Amino acid sequence: MNKTITTADARKNFAAIVNTVAYGKEPVVLTRRGQEIAALISIEELQLLQKIEDHIDIEDAQKALEAPGENISADAFWKKLGL
């Protein structure tokens, strides 16, 4: 379960919240008017999310390369789009 805090309370207790996230490894969800609007996570969690995203991007690129169809250069592609 994520810890949830309003943005108003976050402003008042910013240093403590940063310490909770950075050292306690506990994500904090920020809310405004009862709606979740953002989350604070540790740098380790961010790096893990970025690695996962990179892995997914590589898998997608490999699938695209293996897909049947004509391969064209980037220059030809941009020209075809009129860019």
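Remember, predicted model here, so these are calculated numbers, not experimental data.
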Engineer: For atom NZ of Lys79, is the number of surrounding heavy atoms from other residues, nucleotides or ligands below 6.0 Å larger than 12?
Structural biologist: no

Engineer: Please name the residue in the list Glu59, Glu53, Lys51 that meets the side-chain hydrogen bond (donor to acceptor under 3.5 Å, both in side chains) test with His55.
Structural biologist: Glu59

Engineer: When you measure from the side chain of Asn13 to the backbone of Asp9, do you find a donor-acceptor pair of N or O atoms at a distance under 3.5 Å?
Structural biologist: yes

Engineer: Treat each ILVMFWY residue as a node, draw an edge where side-chain heavy atoms are under 4.5 Å apart, and state whether Trp78 and Ile72 are in one component.
Structural biologist: yes

Engineer: Stepwise, does the side chain to side chain contact (heavy atoms under 4.5 Å, CB included) test hold for Ile58 with Gln62?
Structural biologist: CA-CA 6 Å; Ile58 290 168; Gln62 288 171 335; 4.0 Å; yes

Engineer: Are the side chains of Thr7 and Ile37 in touch, meaning some heavy atoms are under 4.5 Å apart?
Structural biologist: yes

Engineer: In this structure, are over 12 heavy atoms from other groups packed under 6.0 Å from Glu45 atom CD?
Structural biologist: yes

Engineer: Look up atom CG in Asp75 and atom CG in Leu83, then write down how far apart they are to the nearest 0.5 Å.
Structural biologist: 12.0 Å

Engineer: When you look at Leu40 and Ile17, which way does the side chain to side chain contact (heavy atoms under 4.5 Å, CB included) test go after all the steps?
Structural biologist: CA-CA 9 Å; Leu40 299 174; Ile17 294 167; 3.7 Å; yes

Engineer: Between atom CG of Leu30 and atom CD of Glu36, what is the distance when rounded to the nearest 0.5 Å?
Structural biologist: 10.0 Å

Engineer: Which atom pair, heavy atoms only, marks the closest approach of Val21 to Ser42?
Structural biologist: CG1-N, 3.3 Å

Engineer: To the nearest 0.5 Å, what is the distance between CD (Glu44) and CG (Leu49)?
Structural biologist: 12.0 Å

Engineer: Linking I/L/V/M/F/W/Y whenever their side-chain heavy atoms sit closer than 4.5 Å, directly or via other members, would Leu48 and Ile56 fall into one cluster?
Structural biologist: yes

Engineer: Are more than 12 heavy atoms, taken from residues, nucleotides or ligands other than Gln35, located less than 6.0 Å from that residue's CD atom?
Structural biologist: no

Engineer: Checking Ser73 side chain against Ala76 main chain: does a donor-acceptor pair fall under 3.5 Å?
Structural biologist: yes

Engineer: First locate atom OG1 of Thr6, then atom CZ of Arg33, and finally report the distance between them rounded to the nearest 0.5 Å.
Structural biologist: 12.0 Å

Engineer: Would you give the length of the straight line joining atom CG of Leu46 to atom CD1 of Ile41, rounded to the nearest 0.5 angstrom?
Structural biologist: 5.0 Å

